[in-house]
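Just so it is clear, the model here is predicted, and its values are computed rather than measured.
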Amino acid sequence: FEGPHRICEDHVGELQKHFTLITMKQFLENKTEFSQKIQAIYIWGGRPVIDLELLGSLPCLKVIASPGAGLDHLDLPLIASYGVRVAHTPHAVSTPTADLGMALLLASARRVVEGCQLAISPDTVHFPINWPGQEVSGATLGIIGMGTIGYKIAQRAKAFEMKILYHNRNRRRLEEEAAVGAVYCARLEDLLQHSDFVMLAASLTPQTQGLIGRRELQLMKPSAVLVNVGRGLLVEQDALVEALQTGVIKAAALDVTYPEPLPRDHPLLKLKNIIVTPHIGGATHQAREQIMRDLVESILAALHGFPVPNEVLLK
């Protein structure tokens, strides 16, 4: 309940209505007492880390409940080998993450952060009349990763009259494409070459790690903006720094980096043509309440031997 990774305070009371809560600190101080009692793990802020040692010390563990959509912090085959189920909450975070994706796109296009800094600077004596940004309406948005979050971004982009391209492991149904006016690009290269904004909303897997590297950035327009609401490791950050410094692309807006937070002397943090936010895609009061409700429902189902909502199944 303490420290930067502590459980959301608003969740504690509700969780205590259903479960006896044991902190990681309490468990580590008295493994003998608690190892046979713990049946579920409630992950928050990436803690506790689920590794071989922890799994081996919890013989009665039935379910691991993890907030959000990403699963790259979990070794799913290892967990499954212990007969433990996994649940997550992809739907609870999809709407706020899509909202933030559009917020970052708009903020970068219109140079909102730079403008705010100029407007509040004690050194500012007049506003420059030559302060051009990029128009979003009518521009082309390329979405990489057209899952739940990517599709909701497309819905929002349609309202801004954007042309939408997308690249995904699996093509969406024709009626889904038609509903948002999206055009499927089987080749990532085609999407990159034709997009004014490139939005990363893909999951992190061994196949997608480093998906956007030096070659892919060079395929983008010099006027293009890269937005990432997926995972930091989707992008080769050294290549991104170089691309932003040399004008290969115009700007970037990142809600995710690797690591998080970046070292305070990281070159990305020194650039003017970048916006970085602290992984807040799903960080709304409404989303966190829904996350908690979804995780409680999944834990109770697993403990009673019922089908688990939002269970993660190995493919």
Side-chain angles (χ1 to χ4, degrees), residues 1 3 5-8 11 15 18-94 145 147-149 168-170 201-211 230-234 256 258-260 279 282 290-315:
F1 298 119
H5 301 286
R6 67 185 182 274
I7 194 170
C8 187
H11 292 184
L15 289 170
H18 304 279
F19 315 110
T20 298
L21 302 185
I22 299 168
T23 67
M24 194 63 183
K25 181 180 179 182
Q26 290 171 326
F27 169 69
L28 292 174
E29 290 175 348
N30 200 339
K31 287 187 178 183
T32 303
E33 178 185 353
F34 292 126
S35 63
Q36 300 290 328
K37 296 181 179 180
I38 295 174
Q39 299 183 67
I41 294 177
Y42 188 92
I43 293 179
W44 196 259
R47 300 292 190 279
V49 175
I50 309 299
D51 56 17
L52 185 64
E53 181 181 357
L54 182 60
L55 290 167
S57 64
L58 298 175
C60 298
L61 184 64
K62 294 182 178 179
V63 62
I64 294 169
S66 180
L71 296 165
D72 48 283
H73 59 296
L74 296 175
D75 186 336
L76 297 177
L78 174 65
I79 295 168
S81 72
Y82 279 83
V84 176
R85 303 164 86 173
V86 174
H88 64 155
T89 64
H91 302 293
V93 298
S94 59
T148 305
I149 293 171
N168 200 48
R169 180 177 55 186
N170 299 309
S203 300
L204 178 62
T205 67
Q207 292 72 39
T208 61
Q209 182 168 332
L211 184 67
R231 284 292 186 268
L233 284 172
L234 295 172
V256 288
Y258 186 81
E260 293 177 350
H279 203 150
Q290 188 61 51
I291 285 170
M292 188 266 296
R293 288 193 294 268
D294 288 352
L295 292 181
V296 167
E297 182 183 9
S298 293
I299 292 171
L300 290 173
L303 296 185
H304 290 93
F306 300 143
V308 174
N310 296 314
E311 182 173 5
V312 180
L313 301 174
L314 285 178
K315 297 179 180 178

Backbone N/O of P309 and side chain of S298: donor-acceptor pair under 3.5 Å = yes

Closest non-hydrogen contact found for A201 with I149 is CB-CG2, 4.3 Å

Specify the closest pair of heavy atoms between T32 and S35, including all atoms of both residues, with the distance to one decimal.
-> O-OG, 3.9 Å

Nearest non-hydrogen partners of F27 and S57, listed with the distance = CZ-OG, 3.6 Å

Just wondering, do C60 and K37 contact through their side chains at under 4.5 Å, heavy atoms?
-> no

Before giving the answer on side chain to side chain contact (heavy atoms under 4.5 Å, CB included), spell out for E29 and F34 the whole-Å C-alpha distance, their side-chain angles and the decisive distance to 0.1 Å.
-> CA-CA 9 Å; E29 290 175 348; F34 292 126; over 6 Å; no

Nearest heavy-atom pair of G147 and N168: which atoms, and what distance?
-> N-OD1, 4.3 Å

Spacing of CZ belonging to R85 relative to CD1 belonging to I299, to within rounding of 0.5 Å | 12.5 Å

Please tell me if the side chains of D72 and L233 come closer than 4.5 Å, counting only heavy atoms from C-beta onward.
-> no

How far apart are the C-alpha atoms of V84 and I41, what are their side-chain angles, what is the distance that settles it, and do they pass the side chain to side chain contact (heavy atoms under 4.5 Å, CB included) test?
-> CA-CA 10 Å; V84 176; I41 294 177; over 6 Å; no

In Å, rounded to the nearest 0.5 Å, how long is the span from CD of E260 to CZ of R231?
-> 7.5 Å

Sub-4.5 Å side-chain heavy-atom contact between V296 and L15 | yes

Inter-residue atom distance Y82.OH - L55.CG, 0.5 Å rounding = 6.0 Å

Check: L211 main-chain N/O paired with T208 side-chain donor or acceptor under 3.5 Å | no

Between T89 and P67, is there a donor-acceptor pair closer than 3.5 Å when you use the side chain of the first and the backbone of the second?
-> no

Output, in order, the C-alpha distance, side-chain angles, deciding distance and verdict of side chain to side chain contact (heavy atoms under 4.5 Å, CB included) for K62 and V308.
-> CA-CA 11 Å; K62 294 182 178 179; V308 174; over 6 Å; no

Rounding to 0.5 Å, atoms CG (N30) and NZ (K25) come to a distance of 13.5 Å

For L204 and Q209, run side chain to side chain contact (heavy atoms under 4.5 Å, CB included): C-alpha distance rounded to whole Å, both residues' side-chain angles, the deciding distance at 0.1 Å, then the answer.
-> CA-CA 6 Å; L204 178 62; Q209 182 168 332; 3.9 Å; yes

Note: L314 and A80 closest approach over all heavy atoms is CD1-CB, 3.6 Å

Point-to-point distance, once rounded to the nearest 0.5 Å, from CD of E297 to CZ of F306 = 12.0 Å

Can you name the closest pair of heavy atoms from H18 and L300 and give their distance?
-> ND1-CD1, 3.9 Å

Are more than 12 heavy atoms from other residues, nucleotides or ligands located less than 6.0 Å from atom CZ of R169?
-> no

Can you tell me how far CZ of R293 sits from CG of L295, rounded to the nearest 0.5 angstrom?
-> 11.5 Å

Please tell me if the side chains of H11 and L21 come closer than 4.5 Å, counting only heavy atoms from C-beta onward.
-> no

Determine whether I291 and V93 make a side-chain contact, defined as any pair of heavy atoms from C-beta on separated by less than 4.5 Å.
-> yes

